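One structure is given below, encoded as structure tokens.
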Amino acid sequence: MPRRNNLWANIDWVTVLLFLILVFLGWFNIYAAVYNPESQSILDVSQQYGKQLIWIGAALVIGFVILLIETNFYVFFAYIIYGFVVFLLILVLFVGKEINGAKSWFEIGGFTLQPSEFGKFATALALAKYLSSFGFKLQRLKSMVLIALIILTPAFFILLQNDTGSALVYFAFVLVLFREGLSGVILFFGSLIALLFVLALVLSGMLLNIILLSVALLVLLILNPRFKQFGRILLIFTLSIGVFLGIGEVVPTKYQLSDFWVAGALTGAVITLIYSIRQKIRNYILVTIIFTGSVLFSISVNYAFDMLEAHQQVRINELLGIESNPQGAGYHVNQSKIAIGSGGFWGKGYLNGTQTKFDFVPEQSTDFIFCTVGEEWGFVGTSILITLFLTLFVRLVYLAERQRSGFSRIYGYSVAVILFFHFMVNIGMTIGIMPVIGIPLPFFSYGGSSLWSFTILLFIFIRLDASRLDHLSS
Amino acid sequence: MNNLSKRSHIIVAIFIVVGVVYIIRLFGLQVLDSTYKQFATNNILREIVQYPARGLVYDRNGKLLVINKAAFDLLITPREVVTFDTLQLCNLLDISKEELEIKIREAKDYSWYKPSILVKQIPPENYARLQEQLYKFRGFHTQSRTLREYETAAAAHVLGYVGEVTADDIKNSNYYSMGDYIGVSGIEKTYEEALRGTKGVKKYLVDVHNRIQGSFLDGQEDVPAQIGKDVISSLDLELQLYAEKLFQNKKGSVVAIEPSTGEILAMVSAPAYDPGLLVGRVRGSNYSKLLADTLKPLFNRALLAEYPPGSTFKIMNVLIGLQEETINLYTRFSCAGPASTPIRCTHNHITPLGPVEAIKESCNPFLWNTFRTIMNKYDTSAESFNKWREYVESFGMGKKLGSDLQFENKGNVPTAEYYNRIYGAGRWNALTVRSLAIGQGELGITPLQLANYCAAIANRGYYYIPHIVKEIEGEGLSGQFSTKVYTNISEEHFEPVIEGMQRVVEQTNASVFMRIPDVAMCGKTGTVQNPHGEDHSAFMAFAPKDDPRIAISVYVENSGFGATYAAPIASLLVEKYLKGEIDKSREWVEKRMLDIDLIHSKQEN
């Protein structure tokens, strides 16, 4: 069986090793997180660490089985797997069990399964198949619409399950698209939108407007440093804002003066736009449109924010430092930071953590497992763990880039960015620079569904990589 | 395609930037910022105070006066409470449903997670019932505290009582915190620091629900509570009990001192109260009742009541006259009996008479003349008066003695300034203030001062500051109590007056009530004029004459002549103390004293 030998020799054992290290480190930390001196057997299956060991065993079996399956299988069945998982995502809305407010679990004889976890690899497969299909061109509108459908359909149903965190993961695919030729402009606007989103919530409308206006005027001055035109634009803004502020001052309305400022700036922008078009200054047209769009976007963010549910508002506010009540909604983040911060440089030592064990940190074995690492292993442990994850991500990008088939490459990037997104949001949440969005830390957090889904996600790619020389697909 | 593969660098750069930002953030959180470590300690550390048992109090012969008994506080941790049978708990605790609900609400307001005291000081008998049923009430638990218990109902005023600390106590000391107990009066207050011991602390690890998970650092930082030191009182329990018994149905006080040490052997203020009434949960209501009692049982007459010394003060004036040499042992003054001026004499005796006989006969004219000579010795009355006053003060009158008992009254010995204010400087003389000659007028002294004055006479010229505690376990007593305080009278002047005092006991009409077989007792009666009602009967005595072992002062309010009640009671106490029992020949005196009811009979009138 030369082919079989070929397979094992071609497997990227570096990735497999990183996987095993992370899984077993995770298991040791779960043991520490729920450590109970009265039940010290690490094999006790009534405890989370005992169960996790079973799930690790099953995950290894799953990984092994995946390696045995021919790569053609994934290419051929990509859409079917995707269709089946979407069906499960819809089904769970009707027959699912609600855990922690999210109706995203199947319960089969005391055993629970979260289909949204499996949506990730299914979507990655479908996306890889579609993007690598013959004659595919990303720039076409039809392609864009279909890509959006592939990515957002599972995200939409997961959102309906009230599992916002898992739905947000699908944003990660934007990076895959970027690699496959999506315009950098979109990435730029995506970042701009994210930045504006945050600033709109943190800053007052008027202050944000002043900043945007200043930046816009500065860009105008740099792009076209001719004083005559710039002076006119300055005059336009000064006059329109002045007139609106004057009206706001004199006429009593329910609106505040800052609202009049924003209205004045918008009016000025419209006049500037007309002026720029008539003068045919392309840079000015572009900057003015971006400025106008930014102002309108920040206004709508504030409007949309008011529409959000109270607990979501609070979480976002907490993240942005708008409300800081350590006993209130910020409690979780605060306790998480205390646990991690108290670890110091070297940590308190294995099983010596107090904050996690005594339940000061919530969800200490699942979403907040990083706290145990921070508390017991200190800065040394956290930076090593982050380095391990980064090594894995970079390794995956390296592997993806060496693929000959588009399918394998796209799938490989999907694996890397999905894992990265989880890593970024999960750890960012525990150290207070991301909102509290409940998504697991890959391979680390307690839970069968997530471990298996990440294992499947990763091992399909390892399998694809192992047969990269086989010339199977285009 | 080659162009696009370069985008992998951008993606890798994004990964690495995020990773580096996180590591920098973690460095700040874990290494640079130390506040999180403190927060973490605060999170998990719960200090539980260990209350030491309070020291015991013994009498001078090693008999227990005050001991401890267990009581239990019921605490509630609101978070852990599940639905329970309110009615049953109310029955177990003996409180109403409304009361329970208010207390639970208060506890919730205080803290949802921390335990707070729901019901204090549940007596052991109720506790036993409660403990059996407590498993039904989740979120409730008990803690044990010690309360005082008294072996006898004696000496309530001396022992004092223990109460909960006030806001002021907490503010003035860094030892106490809310809910602690503190001595409020008597020995409990004076010797609080020795008796209370030192609170300890046990440090525990707790989880987020405040449930104890184990000891902190294996108890290395625990501080054990130190049991309070025992205090040996100078009281003689038997004497005290006997004195209180003799004072049944009477108002007044007794103070007995051992002259050679200043130790207080007995101190009675009648009517008294059972110290057990001021313990535990019933303290508040009992205290109000005692406070409202018209006989003022809470008032410690022995320290606070200010009576004129009456004729007992005559010895003072004789001593001053002898010291100032305005009279001598051969001085004779004549007495015209009831016709005497300016103070008449009610006693029928020989005349003229000298100082020893004058004491025996309590002769007013002799004392008036003695006082007059003292007041005329120096150029002005004021000067002479000040000299006189110094002598009086040297016996501990008109000032606080500085005993170890709280709330001493300093009594009143007027000053020359006082008379100057009333009569004008130079416009008063011996005649104006003649009442002082016989211990009346503005003079006021406490029973303690009278006993101390008697002890100073017994010692022939000095006293030790009276004190109630003989010894604190493992410590000596403060030096002030073992230092002689000398009076301004020379030793040799005491013998004649003591001779007179012996004759009072042995050779007067009243001797039949107070002469103790085989004991040379010296004493002096006094009848204290009382503007509010019948005169008070006063008596002071010491015995034996040559080796005084007890000096005693007795006041019996509203009872008339000193010889009628105060003297017999004093003699019975001296006899009891010196001989252990009352001689058969004097049992009738004892019976007579026990039977007399000066409170209820008076009230009936």
Side-chain angles (χ1 to χ4, degrees), chain A residues 36-37 175-176 178-182 184 187 326 334-335 337-348 353-355 357-362 370 374-375 378-383 386-387 389-391 393-394 396-398 400-401 406 409 413 416-417 420 423-424 427-428 430-433, chain B residues 1-46 79-80 111-114 203-218 220-221:
Chain A
N36 177 358
L175 276 178
V176 178
F178 172 69
R179 167 61 186 83
E180 292 306 311
L182 187 71
L187 206 59
N334 199 47
Q335 291 297 344
K337 280 156 77 180
I338 289 173
I340 293 171
S342 68
F345 188 80
W346 292 108
K348 296 176 184 170
T354 50
Q355 305 298 305
K357 255 183 277 307
F358 296 157
D359 298 339
F360 290 98
V361 177
F370 190 71
E375 192 184 5
F379 176 68
V380 174
T382 54
S383 44
I386 286 173
T387 310
F389 270 112
L390 285 181
T391 312
F393 302 152
V394 173
L396 288 173
V397 169
Y398 166 75
E401 281 297 332
R409 182 185 65 243
Y413 266 103
V417 298
F420 170 72
F423 159 86
M424 178 177 77
I427 295 183
T430 61
I431 57 181
I433 51 185
Chain B
M1 225 37 184
N2 194 28
N3 195 26
L4 282 178
S5 78
K6 278 187 182 159
R7 289 192 169 182
S8 66
H9 301 317
I10 297 178
I11 291 172
V12 167
I14 292 173
F15 291 174
I16 291 176
V17 165
V18 170
V20 168
V21 166
Y22 282 11
I23 289 179
I24 291 170
R25 168 75 172 175
L26 283 163
F27 189 75
L29 210 60
Q30 299 189 281
V31 181
L32 299 183
D33 194 338
S34 64
T35 53
Y36 291 105
K37 293 166 191 66
Q38 254 164 13
F39 283 131
T41 313
N42 291 346
N43 263 344
I44 54 155
L45 207 61
R46 210 54 84 231
R79 200 200 147 273
E80 294 169 12
S111 169
W112 197 256
Y113 290 99
K114 292 179 190 168
K203 294 182 177 179
Y204 290 104
L205 293 176
V206 292
D207 70 2
V208 69
H209 306 308
N210 212 30
R211 290 180 300 224
I212 289 177
Q213 300 292 320
S215 63
F216 179 64
L217 290 176
D218 289 330
Q220 282 172 41
E221 289 196 2

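Order of the sequence lines fixes the chain letters, A, B, ..., with proteins taken first and strands second; residue numbering starts at 1 for each chain. The figures that follow rest on heavy atoms only: side chains count, while hydrogens, waters and symmetry mates do not. Just so we're clear, the structure is a prediction, and the values are computed from it rather than from any experiment.
- Side-chain contact between Val18(B) and Phe393(A) is absent, with no heavy atoms from C-beta onward closer than 4.5 Å.
- Tyr413(A) is listed as a side-chain neighbour of Ser8(B), based on a closest heavy-atom distance under 4.5 Å.
- In this structure, chain B has a heavy atom under 4.5 Å from the side chain of Leu390(A), while its backbone stays farther away.
- The shortest side-chain heavy-atom distance between Thr382(A) and Leu29(B) does not fall under the 4.5 Å cut-off.
- Looking only at side-chain heavy atoms (C-beta outward), Ile11(B) and Phe420(A) stay at 4.5 Å or farther from each other.
- Pairing each heavy atom of Ala40(B) with each of Gln355(A), the nearest pair is O-NE2, 2.9 Å.
- Residue contact with chain A, scored on non-hydrogen atoms closer than 4.5 Å, involves the side chain of Ile10(B) exclusively.
- The backbone N or O of Gly343(A) sits nowhere less than 3.5 Å from a side-chain atom of Gln30(B) that would complete a donor-acceptor pair.
- Between Arg179(A) and Leu4(B), the closest side-chain pair of non-hydrogen atoms falls below 4.5 Å.
- A pairwise comparison of heavy atoms in Glu401(A) and Ser5(B) identifies OE1-CB, 3.3 Å as the closest pair.
- Within the 4.5 Å cutoff, the side chain of Phe379(A) has heavy atoms near those of the Ile23(B) side chain.
- In this structure, the separation between OH on Tyr22(B) and CZ on Phe370(A) is 9.5 Å, given to the nearest 0.5 Å.
- Heavy-atom pairs under 4.5 Å with chain B were tallied for Val394(A), Leu175(A), Ile340(A); the largest tally goes to Ile340(A).
- Considering only heavy atoms from C-beta on, Asn334(A) stays 4.5 Å or farther from Phe39(B) through its side chain.
- Interface check for chain A: of the options Leu26(B), Val21(B), Val12(B), the most heavy-atom pairs under 4.5 Å are formed by Leu26(B).
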